[in-house]
J.: 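If you scroll down you'll find the structure; I have some questions about it.
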Amino acid sequence: MLNNAKNQHDSIRAVEWKNDHLILLDQRKLPQNEQYIEFYNAEDVAEAIRNMVVRGAPAIGIAAAYALVLAARKSYKQYPNDWRNRLEVEKEILANARPTAVNLSWALKRMCDALVGIEGDPIPTLLELAKTIHSEDIAANHHMGQLGAQLIGATHGLITHCNTGSLATGGYGTALGVIRSAFAEGKFERIYAGETRPWWQGSRLTAWELGKDHIPYKLVPDSAMAALMKTKPIGWVIVGADRIAANGDVANKIGTYSLAVNASFHGVKFMVVAPTSTIDLDTRTGSDIPIEERSIEEVLQVGNQRIAALGADAWNPAFDVTPADLIDVLVTEKGVIHHPNTEKIAQLMRS
Ligand code: MRU
């Protein structure tokens, strides 16, 4: 736990800049071990993004912004007259670390746009911008928390998926931020958190965060969600996003689409919570979003334990796309959109 916590429900920081380096909480080790890793160069951060040391769309973007500071420091030291061009390689390595979360390329673009006017040592300017990207994300999450919580009436249960909390963002969380704010307002009795195979972000990370905040929850196998919606009074499904296309289609953790279909069938409302840095106007529809496929070993084994039959093959898409038609509300820091579509999203992004 780091010391820039803002309040009781915002006490976890997975990404932090300290003196001259980046610190990441190793999310692969949670909840058993709370271990932090120090990073002094950008290639190692790219590797950490690929390997899920840091994960969650906004957190990946913030880590990449700080990594660009590390890359610029190296580049400026080695090639004081040509540091901008030399930076390009490391920027590309970072940008390609994970393909679906658009916050990664969004943060890198914002950092690189700032390079243009810099004369002399680029580090102070870049570090300040990376810190701004980080603090703006936290502020956006708190604001979205309030906006989303206002939409929730008193209910027994809310469903969430994957981990969208402090660990997945600069702090506080997107969907989990709304859940934190709604809990503070006494809006629900219990969170039902999907386990989120194969990386178990629900069981390992969301349960860890909810436990720290004393928010009552039950873990639910991903395959039990339809039964849960049929048998318990559930007010909303609340999820985050890795990329939102211009027409409002949403890429998020695999299993989100199933939740949206089930929610629609059972009359449960479906909320997506994401900062506008997750909206990609250059991606027209969900079919244009690149979906990361990860190693099949993640499906065939649990941790280091082989589960599947010898010789078994597998399919392991990390994300799926929920069509805009299935989304009741999109909550962003710029405001709330009911039944998102191309026109409403364009208008929001202009505002
Ligand atoms: O593979 P992950 O753990 O990076 O996937 C994370 C998600 O799908 C989250 O729901 C999304 O990034 C939003 S996090 C605020």
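Whatever order the structure lists ligands and atoms in, that order sets their numbers, starting from 1.
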J.: If the contact criterion is a heavy-atom separation under 4.0 Å, does Trp199 count as touching ligand 1?
T.: no
J.: Check ligand 1 against Ala57 and write out every atom of the ligand that is under 4.0 Å from a heavy-atom position of the residue.
T.: 12 (O)
J.: Rounded to the nearest 0.5 Å, what's the gap from CH2 on Trp208 to CD on Gln27? Could you check?
T.: 8.5 Å
J.: Return the closest protein heavy atom for atom 5 (O) of ligand 1 as residue, atom name and distance.
T.: Lys253 CE, 3.3 Å
J.: What do you reckon, does Cys162 put a non-hydrogen atom under 4.0 Å from ligand 1?
T.: yes
J.: Out of Met52, Arg98, Gln27, indicate the one that has the non-hydrogen atom closest to atom 4 (O) of ligand 1.
T.: Arg98
J.: Would Tyr66 and His134 count as a close aromatic pair, with their ring centres under 6.0 Å?
T.: yes
J.: Nearest non-hydrogen atom to atom 15 (C) of ligand 1 belongs to which of Thr174, Asp137, Leu167?
T.: Thr174
J.: Can we say Lys29 and Glu34 salt-bridge, meaning some charged N sits less than 4.0 Å from an Asp/Glu carboxylate O?
T.: no
J.: What's the shortest distance from atom 9 (C) of ligand 1 to any protein heavy atom, and which residue and atom give it?
T.: Asn252 OD1, 3.4 Å
J.: Could you tell me which atoms of ligand 1, counted from 1 in the order shown, lie closer than 4.0 angstrom to a heavy atom of Thr169?
T.: 15 (C)
J.: Counting heavy atoms only, which of Gly56, Ala241, Ala318, Ala168 is nearest atom 13 (C) of ligand 1?
T.: Ala241
J.: So, taking the atom named CD in Glu333 and the one named OG in Ser277, what distance separates them when rounded to the nearest 0.5 Å?
T.: 6.5 Å
J.: Closer than 4.0 angstrom, basic N to acidic O: yes or no for Glu88 and Arg86?
T.: no
J.: Quick check: does Gln201 get an N/O under 3.5 Å from an N/O on ligand 1?
T.: yes
J.: Based purely on interatomic distance, does Arg55 place a nitrogen or oxygen under 3.5 Å from a nitrogen or oxygen of ligand 1?
T.: yes
J.: Look at Glu16 together with Arg13 and state whether they make a salt bridge at an N to O cut-off of under 4.0 Å.
T.: no
J.: Identify the residue among Thr206, Thr196, Thr169 that makes a side chain to side chain donor-acceptor pair (under 3.5 Å) with Asn163.
T.: Thr206
J.: If you have a sec, work out which protein heavy atom is nearest atom 11 (C) of ligand 1 and how many Å separate them, to one decimal?
T.: Asp242 OD1, 3.0 Å
J.: Measure from the ring center of His156 to the ring center of Tyr192 and say whether it is less than 6.0 Å.
T.: yes
